[in-house]
Number of protein chains: 2
Amino acid sequence: MRILTTTNSLTTDDLGSAAQRDRRRRILDATIALASSGGFDAVQMRAVAEQADVALGTLYRYFPSKIHLLVSALARTFEDTQTIVGRKPVPGDTPSERVIYVLRRATRGMQGDANLTEALTRAFMFADASVATEIHVVGMQLTTMLTRSIKGEAYVEGEQPSDEDVAIARVISDVWLSALVSWVTGRASAEDVADHIETAVRLVLR
Amino acid sequence: MRILTTTNSLTTDDLGSAAQRDRRRRILDATIALASSGGFDAVQMRAVAEQADVALGTLYRYFPSKIHLLVSALARTFEDTQTIVGRKPVPGDTPSERVIYVLRRATRGMQGDANLTEALTRAFMFADASVATEIHVVGMQLTTMLTRSIKGEAYVEGEQPSDEDVAIARVISDVWLSALVSWVTGRASAEDVADHIETAVRLVLR
DNA sequence: TTCGGAACTGCAACGTGTTTCTATTATGAC
DNA sequence: GTCATAATAGAAACACGTTGCAGTTCCGAA
């Protein structure tokens with residue numbers, strides 16, 4: 001499932017001693033493992049604490065709620081994916097082709113681990129205002145991934161995408177998230193999701 | 001599961017004696033009142049039972065979980081709105097104008113009671129597979145409302161909308177729901193929501 | 001009217017997210 | 001190396017969704 005991340009010295013965002021970073025990593029690893037094995041309900045705070053080898057109070061010191069924990073796990077998952085995939089430009093000759101390619105890949109990836117996806121998606125959707133920060137991180141990741149796909153070769157690191165492109169990316173990510181929710185709750189098949197997204201992308205990018 | 005019942009005269013959907021319909025109504029009233037006063041967290045099953053003047057076990061007999069309860073409340077809210085608004089054709093000369101009109105109205109309505117909207121929206125998003133039936137009802141209500149707006153005067157009761165129109169309606173309702181979630185979680189202002197929806201509608205309907 | 005089963009009440013109990021508290025351990029300044 | 005402070009462990013307790021159960025009431029059929 002996960003490639004182990006080296007006990008690296010520098011994380012993206014600083015924050016804490018090596019021991020603390022290690023605890024944080026262990027906690028997120030345990031969260032993802034439990035989510036992957038049994039979905040949202042299997043991510044029980046006592047179980048996460050035990051598997052990460054920290055006390056329950058410590059878990060809550062790092063993540064103030066189960067939802068914070070799962071949304072952070074989602075952010076890290078995206079981050080890891082981006083690190084691996086984000087190197088080479090997205091294949092495809094038109095914006096729709098590229099966006100459809102990327103979403104198809106991402107969707108397949110998530111559907112490959114239904115339990116994990118269920119846990120992360122439901123947490124994301126259930127989050128309330130107190131999780132705004134973590135949610136925002138994920139939102140930015142999504143927007144970046146999509147504007148990058150829209151621009152294709154023309155994309156340059158660090159450049160602000162146009163308002164138009166951001167608006168389009170947001171619409172597409174809304175549809176994608178809703179489709180994932182439908183799939184997670186058993187209201188739509190994998191094929192339904194793929195079709196629906198493709199339709200939406202074609203409607204929006206033309 | 002019900003065989004015929006003699007007593008009751010007419011409800012929309014059969015189901016139960018007058019006393020049972022009354023209990024169901026009281027429960028949903030209590031749910032909406034509590035949600036309106038304190039949002040999702042304030043809808044506590046014991047409190048709902050007490051306010052509806054039924055035993056806790058009875059509440060669970062009518063609605064097998066808090067999520068079922070809240071999604072059913074959402075369905076009834078929509079239904080009530082439709083009954084009131086659904087008479088006259090939607091004003092506006094183009095599909096986008098009509099859809100924007102309807103969504104603007106609906107959004108304003110929901111934003112007028114932030115707590116209630118928070119409760120209903122979060123429940124809808126958190127629902128798992130066991131709530132599929134109730135969710136489907138709400139989905140149909142949304143689709144109907146939107147295809148009706150798209151067609152405008154051309155809409156005729158009972159006629160199946162085209163696949164194209166349904167696909168468009170689904171994209172728009174995805175965006176609308178996501179926007180509501182953003183608003184509920186404090187990540188977007190009322191104005192943001194209006195702008196985002198308008199952008200999406202213009203993109204999709206052209 | 002009487003009877004049998006379904007529906008309802010009241011209440012206790014359980015599971016899991018969350019909080020709280022004390023004792024212990026790690027960390028960093030001096 | 002010593003000490004003050006922060007971080008952690010361990011465990012109990014609380015809150016609320018949910019379940020289970022014994023006794024009571026309601027309702028339709030005979």
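In what follows, chains are A, B, ... by sequence order, proteins preceding strands, each numbered from 1.
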For nucleotides 2-4 of chain C, which of its nitrogen or oxygen atoms have a protein nitrogen or oxygen under 3.5 Å away, and what is each distance?
none

Q.
Would B:Trp183 and B:Thr121 count as a side-chain hydrogen bond (donor to acceptor under 3.5 Å, both in side chains) here? Give the steps.
A. CA-CA 10 Å; B:Trp183 177 73; B:Thr121 306; over 6 Å; no
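The two residues A:Lys66 and A:Asp41 make their nearest non-hydrogen contact at NZ-CA, 4.4 Å. Across all non-hydrogen atoms, the minimal contact from A:Asp174 to B:His196 is OD2-NE2, 2.7 Å.
Pairs engaging residues 34-68 of chain B under the ring pair (Phe, Tyr, Trp, His ring centres under 6.0 Å) rule: A:Phe126-B:Phe40 [sequence neighbours left out].
Judged by distance alone, the side chain of A:Thr58 and the main-chain N or O of A:Val54 form no donor-acceptor pair under 3.5 Å. One N or O on the side chain of A:Thr117 and one on the backbone of A:Met110 form a donor-acceptor pair closer than 3.5 Å. Remark: the backbone N or O of A:Ser189 is paired with a side-chain donor or acceptor of A:Asp192 at under 3.5 angstrom. For A:Arg98 (side chain) and A:Gly92 (main-chain N/O), a donor-acceptor pair under 3.5 Å exists by modelled atom type.
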Identify every side-chain donor-acceptor pair in residues 155-166 of chain A under 3.5 Å, counting partners at least two apart or on other chains, and give the distances.
unit_1, atom_1, unit_2, atom_2, d
A:Ser162, OG, A:Asp165, N, 3.1
A:Ser162, OG, A:Asp165, OD2, 3.4

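Using a 4.0 Å heavy-atom distance criterion, A:Phe63 is classed as making no nucleic acid contact.
Residues satisfying the side chain to side chain contact (heavy atoms under 4.5 Å, CB included) criterion with A:Ala33, sequence neighbours excluded, are A:Gln51.
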Q | Reading 5' to 3' through nucleotides 12-21 of chain D, protein heavy-atom contacts under 4.0 Å coded B for base, S for sugar-phosphate only, - for none | A | -B--BBBB--
Q: Treat primed atoms plus P, OP1 and OP2 as sugar-phosphate and everything else as base, then score nucleotides 23-30 of chain C 5' to 3': B for base contact with protein heavy atoms under 4.0 Å, S for sugar-phosphate contact only, - for none.
A: --------
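Under the 3.5 Å distance criterion, with hydrogens and angles disregarded, no donor-acceptor pair is assigned to the side chains of B:Asp80 and B:Thr83.
In this entry the distance linking CZ of A:Arg61 with P of D:dA6 reads 10 Å, nearest Å. What separates CD of B:Gln20 from P of D:dT25 is a distance of 19 Å, to the nearest Å. Distance, B:Glu50 CD to C:dT9 P: 13 Å, rounded to whole Å.
In this structure, A:Tyr62 does not reach the D:dA7 phosphate: none of its side-chain N or O atoms is under 4.0 Å from OP1 or OP2. The phosphate of D:dA9 has OP1 or OP2 within less than 4.0 Å of a side-chain N or O from A:Thr58.
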